[in-house]
Protein chains: 2
Amino acid sequence: MPDPSRESLGFLLIDAGRAVRRRFELRAAELGLSAAQWRVIAQLHRHGPLPQARLAEYMEIEPISVSRLAERMEKAGWIRREADPHDRRIKLVAPTDKATAAFAEARSIADALYADALAGTPPGTRETLIAILKAITNNLSPGTDHD
Amino acid sequence: MPDPSRESLGFLLIDAGRAVRRRFELRAAELGLSAAQWRVIAQLHRHGPLPQARLAEYMEIEPISVSRLAERMEKAGWIRREADPHDRRIKLVAPTDKATAAFAEARSIADALYADALAGTPPGTRETLIAILKAITNNLSPGTDHD
DNA sequence: TCAATATCGTGAGCGGGCTTACGATTTCAA
DNA sequence: TTGAAATCGTAAGCCCGCTCACGATATTGA
């Protein structure tokens, strides 16, 4: 039998993603930052202050998930949520100084982690993997117009 | 700036995994089977009836997660949980006929999904990706003795 | 102008992960 | 033999996704 579980692309993908997340959170535990929270901060540093709806698009999750996430992050002092002066529906999310400081830390944790993850693989593996993952996400995402 | 979010291996991995899971569950919705539940059934068909602790090891999740998952699956009629005659601590998990029937269905859904996911990529991409993902999981898992 | 439509954020409730902590068993070593 | 240690399953309580449903606000079109 062709090993219905271990050879399954989906299983492997989900396993690998979970392993990376688990390791990151283990090492970033003292920062008090989860993987999802780090993703938020990274988006904010990339794009500047954002409405929650925009954040949801960039992260490719649902607005309600951003709502909960932002609520916890605001409570923990990672972000501020300010009213948009031009549109009273919108809450503009911005990183605090604490978030900006943690960003660099988390980045280096992640870099070290990726090095660990790819240890022992041939050179160029990272680029190959990135290209494949982008293709997969593009192929499977409905609004297919990333990057 | 080197695109701190979109180029991040972790983000890409998590995004791709989520995209695959989302698509699978969309198509398997009429089976009433989630990705995690399908993983359980796949393990049972691979290994036969298992104690929950063994299932947790194979799936690389915590026993408590299996506990909840199995509880829901039992209620939905996917599995039975029987007492082990030789060890009263153990609950042996076995698939029902309903699960066995759904297994083949889900398998073909997954196969079609993987084909979609890798559409437009060079031949051999699948094998390359599988090899890399296995390496990552091995590198990052504590008990490192998989396949 | 003003009613229909679209967008924004969130409540309720659920699935699936996790850590920590526990009682019930079994196994093992003194 | 018996007490310590390991193993099994689960309760409690959290984070992070989701669908469905909703009020509030903007935008648009008749």
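The shown structure was predicted, so the numbers you read here are calculated from the model rather than taken from an experiment. The chains referred to below are lettered A, B, ... by the order of the sequence lines, with proteins before strands, and numbering in each begins at 1.
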Original post:
Taking OP1 and OP2 of D/dT10, is either one under 4.0 Å from a side-chain nitrogen or oxygen of B/Gln52?
Top reply: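 Result: yes.
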
**OP:** Keeping to residues at least two apart or across chains, list the salt bridge (Lys or Arg N to Asp or Glu O under 4.0 Å) pairs with something in residues 25-37 of chain A.
**Re:**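 Checked against salt bridge (Lys or Arg N to Asp or Glu O under 4.0 Å) - neighbours excluded - the pairs reaching residues 25-37 of chain A are A/Arg21-A/Glu25, A/Arg27-A/Asp116.
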
Nearest whole angstrom, please: distance from the [atom2] of [N] to the [atom1] of [X].
X: B/Arg72; N: D/dA11; atom1: CZ; atom2: P; result: 12 Å
X: A/Ile14; N: C/dC18; atom1: CD1; atom2: P; result: 13 Å
X: A/Glu71; N: D/dC16; atom1: CD; atom2: P; result: 12 Å
X: A/Leu50; N: C/dT7; atom1: CG; atom2: P; result: 18 Å
X: B/Ile41; N: C/dG16; atom1: CD1; atom2: C1'; result: 16 Å
X: B/Met73; N: D/dG9; atom1: CE; atom2: P; result: 16 Å
X: B/Ile90; N: C/dG23; atom1: CD1; atom2: P; result: 21 Å
X: A/Leu55; N: C/dT7; atom1: CG; atom2: P; result: 18 Å

Subject >> Test item: side-chain donor near acceptor, A/Arg72 and A/Gln37, under 3.5 Å >> reply: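 No, A/Gln37 and A/Arg72 have no side-chain donor paired with an acceptor closer than 3.5 Å.
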
**OP:** Taking atom types as modelled, find out whether A/Arg54 and A/Gln43 have a side-chain donor-acceptor pair closer than 3.5 angstrom.
**Re:**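 Judged by distance alone, the side chains do not pair up.
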
**OP:** Please work out which of the three classes, parallel, tilted or perpendicular, describes the rings of B/Phe103 and B/His45, given edges at 30° and 60°.
**Re:**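 Parallel.
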
Original post:
In chain order, what residues pass the side chain to side chain contact (heavy atoms under 4.5 Å, CB included) check against A/Ala16, with sequence neighbours excluded?
Top reply: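 If we apply the side chain to side chain contact (heavy atoms under 4.5 Å, CB included) test to A/Ala16, skipping adjacent residues, the hits are B/Leu13, B/Leu133, B/Ile136, B/Thr137.
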
**OP:** Could I get the full list of side chain to side chain contact (heavy atoms under 4.5 Å, CB included) partners for A/Leu26, not counting sequence neighbours?
**Re:**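 Partners of A/Leu26 under the side chain to side chain contact (heavy atoms under 4.5 Å, CB included) test: none.
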
**OP:** Would you mind listing every side chain to side chain donor-acceptor pair (under 3.5 Å) that reaches into residues 86-97 of chain A, with sequence neighbours excluded?
**Re:**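 Non-adjacent pairs meeting side chain to side chain donor-acceptor pair (under 3.5 Å): A/Asp87-A/Arg89.
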
Anything under 3.5 Å between a protein N or O and an N or O of nucleotides 24-28 of chain D, put it in a table, one pair a line.
from: D/dA26; atom 1: OP1; to: A/Arg88; atom 2: N; distance (Å): 2.7
from: D/dA26; atom 1: O4'; to: A/Arg89; atom 2: NH1; distance (Å): 3.4
from: D/dA26; atom 1: O4'; to: A/Arg89; atom 2: NH2; distance (Å): 3.3

Please write out each protein N/O paired with an N/O of nucleotides 17-20 of chain D under 3.5 Å, distance rounded to 0.1 Å.
from: D/dC18; atom 1: OP1; to: B/Arg22; atom 2: NH1; distance (Å): 3.3
from: D/dC18; atom 1: OP2; to: A/Glu62; atom 2: N; distance (Å): 2.7
from: D/dC18; atom 1: OP2; to: A/Ser65; atom 2: OG; distance (Å): 2.7

**OP:** List the atom of A/Leu31, the atom of A/Ala102, and the distance in Å for their closest heavy-atom pair.
**Re:**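 Scanning both residues, the minimum pair turns out to be CD1-O, 4.3 Å.
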
**OP:** Using a heavy-atom cut-off of under 4.0 Å over every strand shown, decide if A/Gln37 touches base, sugar-phosphate, or nothing.
**Re:**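 Sugar-phosphate: the residue A/Gln37, judged by heavy atoms under 4.0 Å, touches backbone atoms but no base.
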
Original post:
Is any NZ, NE, NH1 or NH2 atom of the basic residue among B/Asp15 and B/Arg22 found under 4.0 Å from an Asp or Glu carboxylate oxygen of the other?
Top reply: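 No salt bridge links B/Asp15 with B/Arg22.
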
